Student: 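I am attaching a structure below and will ask some questions about it afterwards.
Computed from a prediction, not measured in an experiment: that's the story for all the values here. Sequence positions, counted from 1, serve as the residue numbers for this chain.
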Amino acid sequence: MSSQVSNSPAPDADLGTIAHEYRLFAERQAKGHSPVYEALSIAVASDKRLLALLHALPPVKRQPNLLLAAARHLGAPLDSTGEFLSWVATRWDQVSSLILSRLTQTNESARCATLLPVLAALPQPLALIEVGASAGLCLYPDRYRYRYDQSEAFGPADSPVILPCRTTGPVPIPRQLPDVVWRTGVDLNPLDPSDPEVAGWLGSLIWPEQTERLQRLRCALDVARAEPAHVVRGDLNETVSTLVAQAPQGATPVVFHSAVLAYLSPDARAQFARTMRDLPCRWISNEAPSVFPALLDLLPEPAPTDRATFVMALDERPLAFTGPHGEHLHWLVDAGLPVSGE
């Protein structure tokens with residue numbers, strides 16, 4: 001991926017595309033979750049000066065989450081949209097430099113609450129392999145506590161992390177945690193959970209009002225520091241086969257990912273799917289509906305269009321709609337829970 005900033009003039013159509021992305025982010029992701037980010041994203045979408053600056057970045061670097069996190073990390077004012085826009089434009093060299101050097105890598109441990117019903121139902125013990133692992137915080141589903149709806153929390157009594165999750169549909173809430181005997185991952189830029197700079201950047205990726213998520217991040221980092229997972233640097237398409245081959249005998253290898261493959265090209269996503277079909281492992285995908293459009297034809301009900309939603313599938317069989325941050329799990333009627341792989 002190029003890190004060069006383009007100096008080409010910005011056609012109005014291109015600026016319109018960027019503006020549309022920011023409005024969608026405001027309407028479908030920030031609305032109801034972050035009034036600050038909703039207002040700032042709408043303001044960016046209407047500011048041609050800032051849109052032109054964003055256009056000069058590589059397309060993958062124009063995303064709202066990355067701009068907003070970089071600005072926050074550098075101390076941008078958030079209470080006034082006018083002051084925010086002016087601050088970012090004035091300090092664009094600093095902001096763009098941070099954008100180009102960082103990735104969103106939102107490492108949301110709460111996604112484990114949506115993955116847990118599948119992980120707990122698979123043949124135990126498990127060898128977990130996460131692609132796009134970031135700091136590896138989703139590699140510890142057996143180290144967290146869970147609370148589905150208003151039920152009593154369950155999991156290790158001494159865990160500092162409690163993951164709440166609202167449910168709808170016939171969710172097969174597990175009675176026990178998965179038995180994880182091996183955990184590893186791959187990322188283009190692995191993050192060290194013991195590095196204060198890493199903790200600071202991951203904190204900046206959490207939206208301003210979400211203080212519970214920030215506290216959860218800090219506690220999940222403590223879990224990861226106490227039991228470091230082995231996350232290797234590499235391209236997922238080039239590395240996943242090697243990691244599956246390294247899984248210990250007697251364990252079920254499980255490759256999983258959340259909010260990762262949207263950053264790959266369609267060809268790279270298709271290559272990954274072909275690779276997964278040929279590997280001796282189970283495959284849990286938890287991605288936006290557009291990532292694997294073929295899954296949409298297998299859904300017994302349409303995916304929601306009024307909010308950000310992921311489709312979770314096991315071996316390309318859709319099981320549930322999930323909240324992007326693990327906040328909600330809707331199990332599909334008649335989805336069942338296939339564990340045999342047949």
Student: Taking the six-membered ring for Trp and the single ring otherwise, decide whether the centroids of His230 and Trp182 are under 6.0 Å apart.
Tutor: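 No, the ring centres sit 6.0 Å or more apart.
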
Student: In the structure I gave you, are the side-chain heavy atoms of Leu163 and Ser109 within less than 4.5 Å of one another anywhere?
Tutor: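 Yes. Closest side-chain heavy atoms under 4.5 Å.
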
Student: How long is the span from the CZ atom in Arg317 to the CD1 atom in Ile284, to the nearest 0.5 Å?
Tutor: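 The CD1 atom of Ile284 is 14.0 Å from CZ of Arg317, to the nearest 0.5 Å.
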
Student: Could you state the interatomic distance from CD (Gln124) to OG1 (Thr252), rounded to the nearest 0.5 Å?
Tutor: 7.0 Å

Student: Applying side chain to side chain donor-acceptor pair (under 3.5 Å), can you list everything that pairs with Glu108, at least two apart in sequence or on another chain?
Tutor: Arg213, Arg216

Student: Is any side-chain heavy atom of Val244 closer than 4.5 Å to one of Pro280?
Tutor: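 The answer is yes, as the side chains (C-beta and beyond) meet within the 4.5 Å cut-off.
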
Student: Can you list the residues that meet the ring pair (Phe, Tyr, Trp, His ring centres under 6.0 Å) rule with Phe84, with sequence neighbours excluded?
Tutor: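 Result, ring pair (Phe, Tyr, Trp, His ring centres under 6.0 Å) vs Phe84: none returned.
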
Student: Look at the side-chain heavy atoms of Ile, Leu, Val, Met, Phe, Trp and Tyr, link any pair under 4.5 Å apart, and say whether Trp207 and Leu24 land in one connected group.
Tutor: no

Student: With side-chain contact (heavy atoms from CB on, under 4.5 Å) as the criterion, how do Leu332 and Leu319 come out once you've worked through the C-alpha distance, each side chain's angles and the decisive distance to 0.1 Å?
Tutor: CA-CA 6 Å; Leu332 298 173; Leu319 298 179; 5.8 Å; no

Student: With salt bridge (charged side-chain N to carboxylate O under 4.0 Å, His left out) as the criterion, how do Asp142 and Arg183 come out once you've worked through the C-alpha distance, each side chain's angles and the decisive distance to 0.1 Å?
Tutor: CA-CA 11 Å; Asp142 55 331; Arg183 58 191 101 224; 2.8 Å; yes

Student: Kindly compute the distance separating CG (Leu53) from OG (Ser96), expressed to the nearest 0.5 Å.
Tutor: 8.0 Å

Student: For Asp187 versus Gly132, what's the shortest heavy-atom pair and its separation?
Tutor: OD2-C, 3.2 Å

Student: Taking side chain to side chain donor-acceptor pair (under 3.5 Å) as the test, write out the residues that go with Ser134, two or more places apart.
Tutor: none

Student: May I ask whether Leu119 and Ile173 are part of the same hydrophobic cluster, defined by side-chain heavy atoms of I, L, V, M, F, W, Y residues being less than 4.5 angstrom apart, directly or through others?
Tutor: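 Looking at the clustering, Ile173 is in the same group as Leu119.
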
Student: Considering residues at least two apart in sequence or located in another chain, which fulfil the salt bridge (charged side-chain N to carboxylate O under 4.0 Å, His left out) criterion with Asp235?
Tutor: none

Student: Is there a path of hydrophobic side-chain contacts, each under 4.5 Å between heavy atoms, that joins Met276 and Phe310?
Tutor: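 In one cluster: no.
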
Student: Could you tell me whether the side chain of Pro193 reaches within less than 4.5 Å of the side chain of Leu202, counting heavy atoms only?
Tutor: no

Student: Under 30°, 30 to 60°, or over 60°: which ring-plane class applies to His330 and His328, parallel, tilted or perpendicular?
Tutor: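 Parallel.
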
Student: Please output the side-chain donor-acceptor pairs of residues 259-271 that fall under 3.5 Å, not counting sequence neighbours, one pair per line with the distance.
Tutor:
unit_1, atom_1, unit_2, atom_2, d
Tyr263, OH, Gln63, OE1, 3.3
Tyr263, OH, Thr104, OG1, 3.3
Ser265, OG, Ala268, N, 3.1
Arg269, NE, Val291, O, 3.3
Arg269, NH1, Leu261, O, 3.3
Arg269, NH1, Leu264, O, 2.7

Student: With sequence neighbours excluded, tell me which residues meet salt bridge (charged side-chain N to carboxylate O under 4.0 Å, His left out) with Arg91.
Tutor: none

Student: Arg143: what forms a salt bridge (charged side-chain N to carboxylate O under 4.0 Å, His left out) with it, not counting sequence neighbours?
Tutor: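 For Arg143 the salt bridge (charged side-chain N to carboxylate O under 4.0 Å, His left out) partners, ignoring immediate neighbours, are Glu227.
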
Student: Linking I/L/V/M/F/W/Y whenever their side-chain heavy atoms sit closer than 4.5 Å, directly or via other members, would Tyr140 and Leu128 fall into one cluster?
Tutor: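 Shared cluster, yes.
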
Student: Can you check whether Arg102's main-chain N or O pairs, donor with acceptor, with Lys61's side chain at less than 3.5 Å?
Tutor: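 Yes: the side chain of Lys61 pairs with the backbone of Arg102.
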
Student: Do Tyr148 and Trp331 have ring centres separated by under 6.0 Å?
Tutor: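 Centroid distance Tyr148-Trp331: not below 6.0 Å, so no.
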
Student: In Å, rounded to the nearest 0.5 Å, how long is the span from OG of Ser34 to CD of Glu209?
Tutor: 3.5 Å

Student: Distance-only criterion, 3.5 Å: show the donor-acceptor pairs between side-chain atoms of residues 73-82 and protein atoms not counting sequence neighbours.
Tutor:
unit_1, atom_1, unit_2, atom_2, d
His73, ND1, Ser204, OG, 2.7
Ser80, OG, Gly82, N, 3.4
Ser80, OG, Glu83, N, 3.2

Student: I want to check something: taking the side chain as every heavy atom from C-beta on, are Glu327 and Cys165 in contact at a cut-off of under 4.5 Å?
Tutor: no

Student: Is any side-chain N of the basic residue among Arg282 and Asp315 closer than 4.0 Å to the acidic one's carboxylate O?
Tutor: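 So Arg282 pairs with Asp315 through a salt bridge.
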
Student: Less than 4.5 Å apart, side chain to side chain, heavy atoms only: is that true for Leu329 and Met312?
Tutor: yes

Student: Would you please name every residue forming a side chain to side chain donor-acceptor pair (under 3.5 Å) with Thr184, sequence neighbours left out?
Tutor: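 In terms of side chain to side chain donor-acceptor pair (under 3.5 Å), with neighbours along the sequence ignored, Thr184 is linked to no residue.
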
Student: Step through the shown structure and confirm whether more than 12 heavy atoms of other residues, nucleotides or ligands are within 6.0 Å of CZ on Arg233.
Tutor: yes

Student: Taking C-beta and beyond as the side chain, do Phe321 and Thr168 meet within less than 4.5 Å on heavy atoms?
Tutor: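 Side-chain contact under 4.5 Å: no.
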
Student: Go through the steps for Phe292 and Leu298 under the test side-chain contact (heavy atoms from CB on, under 4.5 Å), then give the verdict.
Tutor: CA-CA 11 Å; Phe292 291 121; Leu298 304 177; over 6 Å; no

Student: So, using ring pair (Phe, Tyr, Trp, His ring centres under 6.0 Å) as the criterion, who are the partners of Phe272 when residues are at least two apart?
Tutor: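 Partners of Phe272 by the ring pair (Phe, Tyr, Trp, His ring centres under 6.0 Å) criterion, ordered by chain and then number, come out as His257, Trp283.
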
Student: Do Leu221 and Trp201 land in one hydrophobic cluster if side-chain heavy atoms of ILVMFWY residues count as linked below 4.5 Å?
Tutor: yes

Student: Are side-chain heavy atoms of Ser151 and Tyr146 found at a separation under 4.5 Å?
Tutor: no

Student: Heavy-atom count check: over 12 atoms from other residues, nucleotides or ligands less than 6.0 Å from Gln246 CD?
Tutor: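 Yes - once you tally the heavy atoms of other residues, nucleotides and ligands closer than 6.0 Å, there are more than 12.
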
Student: Applying side chain to side chain donor-acceptor pair (under 3.5 Å), can you list everything that pairs with Asp149, at least two apart in sequence or on another chain?
Tutor: Thr167

Student: Phe256 pairs by side chain to side chain contact (heavy atoms under 4.5 Å, CB included) with which of Val131, Asn286, Leu115?
Tutor: Leu115

Student: With Arg277, which residues qualify under salt bridge (charged side-chain N to carboxylate O under 4.0 Å, His left out), at least two apart?
Tutor: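 In terms of salt bridge (charged side-chain N to carboxylate O under 4.0 Å, His left out), with neighbours along the sequence ignored, Arg277 is linked to Glu316.
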
